[in-house]
Amino acid sequence: MAKADIEPFFARLAAANPEPETELDYVNTYTLLVAVVLSAQATDAGVNRATRRLFQEVQDPAAMVALGVEGLKAHIRTIGLFNTKAENVIALSKALIEKHGGEVPADRDALEALPGVGRKTANVVLNIAFGEETCAVDTHIFRVGNRTGLARGKTPLAVEKGLMKAIPQPYRRHAHHWLILHGRYVCKARTPECWRCTVSEYCRFTPKTVIRGVSGD
DNA sequence: ATCCCGAGGG
DNA sequence: CCCTCTGGAT
């Protein structure tokens, strides 16, 4: 993307959605962290379906530890990777109690030290719960960054660094959600809907052959 | 590079 | 059937 197009690109996404929010359901910072961990390689809708009941019973680390691994599995069995996620969420909850007084730390290194929490999850929590100007690069943002040319890269970290450098103020705070929602509903992996994309004039990407799902990237 | 892994869509 | 979904640990 041409440098001059970056500002209008975000201005247009911002105009359509001034205060974008996560579509994950949560009731406090702890449940946000849990929901984000559960969302790995899963849809928000699927996570919300499972956490609706879970978060009625459990809203803090102590209650989660009391529920236990098997108890948690019973709630999240419909989510992919549920065995690993259940182990991680219980271990993570114990770590919060033992090392952070039962609170979610507002610190990248402390977050990434938690079981099942990597850079992407830490970035989401830092952005939503603590207001930091992070840009978590998930599958959507990795794809949108590369297609638009906002920030190309072979790894999520490379794309994240490129985005942080490319995105101007005042767009850094919400860029994460604008890009993810754009990727989820318009710049879709299999069938990007360029014909109704509001920022296509700033983007060179065109799906080559839509036959058999070859989208061209 | 591989494994983990259910639900929904095409 | 195959692909995708707000990844992380080994």
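Order of the sequence lines sets the chain letters (A, B, ...), proteins ahead of strands, with each chain counted from 1.
- Distances shorter than 4.0 Å separate some side-chain N or O of Arg184(A) from OP1 or OP2 on dT6(C).
- Across the protein-nucleic acid pair, Glu112(A) atom CD and dG7(C) atom P stand 15 Å apart, rounded to whole Å.
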Dump the intermediate steps for side chain to side chain contact (heavy atoms under 4.5 Å, CB included) on Glu87(A) and Asn83(A), then the final yes or no. CA-CA 6 Å; Glu87(A) 302 280 355; Asn83(A) 280 304; 5.7 Å; no
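- OP1 and OP2 of dT6(C) both lie 4.0 Å or more from every side-chain N or O belonging to His176(A).
- Proximity note for Lys120(A) (side chain, C-beta onward) versus dT6(C), dG6(B), dC4(B): the nearest is dT6(C).
- Across the P atoms, dA7(B) and dG8(C) are found 23 Å apart, a figure rounded to whole Å.
- We find that CG of Leu33(A) is positioned 14 Å from C1' of dT6(C), with the value rounded to whole Å.
- For dC5(B), one of the phosphate oxygens OP1 or OP2 lies less than 4.0 angstrom from a side-chain nitrogen or oxygen of Asn83(A).
- Counting to the nearest Å, the P atom of dT4(C) and the CG atom of Asp138(A) are 14 Å from each other.
- In terms of phosphate contacts, Thr121(A) brings a side-chain nitrogen or oxygen within less than 4.0 Å of OP1 or OP2 of dG8(C).
- As rounded to whole Å, 17 Å separates atom P of dG8(B) from atom CZ of Arg190(A).
- Residue-level contact check: Ala42(A) touches the bases, meaning some heavy atom is under 4.0 Å from a base atom.
- Rounded to a whole angstrom, the distance from the P atom of dG10(B) to that of dT6(C) is 14 Å.
- If you check dT6(C), dG7(C), dA7(B) against the side chain of Ala40(A), the one that comes closest is dG7(C).
- Salt-bridge formation is not detected for the pair Glu132(A)/Arg108(A): no Lys NZ or Arg NE/NH1/NH2 atom is positioned less than 4.0 Å from an Asp or Glu carboxylate oxygen.
- At least one side-chain nitrogen or oxygen of Arg143(A) sits closer than 4.0 Å to the OP1 or OP2 atom of dC5(C).
- Rounding to whole angstrom units, CZ of residue Phe82(A) and C1' of dG7(C) are separated by 17 Å.
- Backbone-only engagement by Gly118(A) is indicated by non-hydrogen atom pairs under 4.0 Å involving sugar-phosphate atoms exclusively.
- If you take NZ of Lys73(A) and P of dG6(B), they are 12 Å apart, rounded to a whole angstrom.
- Below 30°, between 30° and 60°, or above 60°: for Phe10(A) and Trp178(A) the angle between ring planes is between 30° and 60°, a tilted geometry.
- Straight-line distance from the CG atom of Leu38(A) to the C1' atom of dG8(C): 13 Å, rounded to whole Å.
- Rounded to an integer number of Å, the gap from CZ of Arg49(A) to C1' of dG6(B) is 10 Å.
- Of the residues near DNA chain C, Val117(A) and Ile180(A), the one whose nearest nucleotide (by heavy atom distance) lies more toward the 5' end is Ile180(A).
- A close approach under 4.0 Å does not occur between any side-chain nitrogen or oxygen of Arg77(A) and OP1 or OP2 of dC5(B).
- Taking only side-chain nitrogens and oxygens, Gln41(A) comes nearer than 4.0 Å to OP1 or OP2 of dG7(C).
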Please determine whether salt bridge (charged side-chain N to carboxylate O under 4.0 Å, His left out) holds for the pair Glu98(A) and Lys94(A), giving the CA-CA distance in whole Å, both sets of side-chain angles, and the decisive distance to 0.1 Å. CA-CA 6 Å; Glu98(A) 293 171 8; Lys94(A) 289 178 179 173; over 6 Å; no
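- Side-chain contact annotation: Tyr30(A) with Ser93(A), donor-acceptor N/O pair under 3.5 Å present.
- Contact annotation for Leu114(A): backbone-only contact, meaning every heavy-atom pair under 4.0 Å involves sugar-phosphate atoms and none involves a base.
- Within the structure, every side-chain polar atom (N or O) of Thr43(A) is placed at least 4.0 Å from both OP1 and OP2 of dA7(B).
- With 3.5 Å as the limit, one finds a donor-acceptor pair spanning the side chains of Glu160(A) and Asn123(A).
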